[in-house]
S.K.: 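Below you'll find the structure I mean.
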Amino acid sequence: QVQLVESGGGSVQAGGSLRLSCAASGYTSRPYCMGWFRQAPGKEREGVATIYTRTDTRTAYTIYADSVKGRFTISQDKSENMLYLQMNSLKPGDTAMYYCAASQISCRFTDFGYWGQGTQVTVSS
């Protein structure tokens, strides 16, 4: 069974930084795409960043939500067992529960079938 476990959340002041980690295990086949999503109370869950690697070229591709471009960076370790989200210049609007997710189909939101339990990020002004 695939397991995704997030860590690294916490409370920070606006302008601060946090680094979220996601430990993945139990894959029987390599995921097509990994991503970070977030959901604030009363709001729809939204995609933050995704990353996938072409099997032929081993080239990684990333995509970010406009709201976090230039501030957040998604990455994986060489083994692809760990997923990270470096968050800099945090804003109160970044406050949300952050989820690590995996897809074996595409990087589209609806195709992510595996989810972690989430880690809370709170940014105060």
Side-chain angles (χ1 to χ4, degrees):
Q1 181 180 355
V2 175
Q3 293 188 51
L4 303 173
V5 181
E6 304 96 333
S7 62
S11 298
V12 298
Q13 296 287 325
S17 298
L18 284 173
R19 185 177 179 84
L20 305 184
S21 299
C22 173
S25 63
Y27 290 119
T28 56
S29 61
R30 192 176 70 85
Y32 177 89
C33 188
M34 297 288 293
W36 287 98
F37 297 78
R38 66 186 183 186
Q39 186 169 27
K43 296 184 179 180
E44 180 179 303
R45 185 173 297 187
E46 63 176 346
V48 176
T50 56
I51 184 169
Y52 74 97
T53 303
R54 287 187 55 162
T55 56
D56 55 348
T57 64
R58 303 304 301 166
T59 301
Y61 296 88
T62 59
I63 188 167
Y64 298 89
D66 289 341
S67 60
V68 306
K69 285 181 179 178
R71 300 189 298 120
F72 292 9
T73 302
I74 188 171
S75 62
Q76 292 177 290
D77 66 0
K78 186 170 64 177
S79 69
E80 299 185 349
N81 290 325
M82 294 293 296
L83 180 72
Y84 305 97
L85 184 68
Q86 178 65 47
M87 305 185 294
N88 298 326
S89 301
L90 284 162
K91 305 174 181 179
D94 295 319
T95 296
M97 183 72 75
Y98 283 71
Y99 298 91
C100 172
S103 170
Q104 294 187 315
I105 302 172
S106 77
C107 286
R108 293 184 295 184
F109 173 76
T110 55
D111 288 333
F112 282 84
Y114 301 100
W115 297 84
Q117 293 296 308
T119 184
Q120 180 68 39
V121 171
T122 302
V123 185
S124 60
S125 59

S.K.: Could you state the interatomic distance from SG (C33) to CZ (R108), rounded to the nearest 0.5 Å?
M.R.: 11.5 Å
S.K.: Output the distance between atom CG (L83) and atom OG (S75), rounded to the nearest 0.5 Å.
M.R.: 7.0 Å
S.K.: Quick one: list whatever passes salt bridge (Lys or Arg N to Asp or Glu O under 4.0 Å) with D56, sequence neighbours left out.
M.R.: R54
S.K.: To check you understand the geometry: which heavy-atom pair defines the closest contact between A14 and S125, and what is its length?
M.R.: CB-CA, 4.3 Å
S.K.: Please enumerate all residues that pass salt bridge (Lys or Arg N to Asp or Glu O under 4.0 Å) together with R45, with sequence neighbours excluded.
M.R.: none
S.K.: Can you list everything that forms a side chain to side chain donor-acceptor pair (under 3.5 Å) with T59? Sequence neighbours excluded, please.
M.R.: T57
S.K.: Enumerate the ring-ring contact (aromatic ring centres under 6.0 Å, His included) contacts for residues 70-95, please, sequence neighbours excluded, ordered by first and then second residue.
M.R.: none
S.K.: Suppose clustering is done on Ile, Leu, Val, Met, Phe, Trp and Tyr with side-chain heavy atoms closer than 4.5 Å. Which residues sit in the same group as Y61?
M.R.: Y32, Y52
S.K.: Could you tell me which residues satisfy salt bridge (Lys or Arg N to Asp or Glu O under 4.0 Å) with K69, sequence neighbours excluded, listed by chain and number?
M.R.: D66
S.K.: Is a side-chain N or O of T95 found less than 3.5 angstrom from the main chain of V123, in a donor-acceptor match?
M.R.: yes
S.K.: Would a hydrophobic clustering, with Ile, Leu, Val, Met, Phe, Trp and Tyr connected at side-chain separations under 4.5 Å, put I51 with Y64?
M.R.: yes
S.K.: Taking Q117 for the side chain and E6 for the main chain, is one N or O donor matched with an acceptor at less than 3.5 Å?
M.R.: no
S.K.: Please tabulate, one pair per line, all N/O donor-acceptor pairs under 3.5 Å involving side-chain atoms of residues 18-27, not counting sequence neighbours.
M.R.:
residue, atom, partner, partner atom, Å
R19, NH1, Q86, OE1, 3.3

S.K.: Who passes side-chain contact (heavy atoms from CB on, under 4.5 Å) against I63, sequence neighbours left out?
M.R.: T50
S.K.: Q13: what forms a side chain to side chain donor-acceptor pair (under 3.5 Å) with it, not counting sequence neighbours?
M.R.: S124
S.K.: With rounding to the nearest 0.5 Å, note down the distance linking CZ in R38 to CG in D94.
M.R.: 4.5 Å
S.K.: Give the minimum heavy-atom separation between A102 and M34, together with the two atoms involved.
M.R.: CB-SD, 3.3 Å
S.K.: Between V48 and V68, which heavy-atom pair has the shortest distance, and what is it?
M.R.: O-CG2, 3.6 Å
S.K.: Looking at residues at least two apart in the chain, or sitting in another chain, which of them share a side chain to side chain donor-acceptor pair (under 3.5 Å) with S29?
M.R.: Q104
S.K.: Quick one: ring-ring contact (aromatic ring centres under 6.0 Å, His included) pairs with a partner in residues 86-117, sequence neighbours left out?
M.R.: F37-F109, F37-F112, F37-W115
S.K.: According to side-chain contact (heavy atoms from CB on, under 4.5 Å), who are the partners of T53, at least two apart in sequence or on a separate chain?
M.R.: R30, R58, A60, Q76, E80
S.K.: In terms of side-chain heavy atoms, does D111 have a donor or acceptor partner in S103 at a distance below 3.5 Å?
M.R.: no
S.K.: Testing the basics here: between S17 and N88, what is the closest heavy-atom pair and its distance to 0.1 Å?
M.R.: OG-OD1, 2.9 Å
S.K.: If you round to the nearest 0.5 Å, how far is CE of M87 from OG1 of T73?
M.R.: 11.0 Å
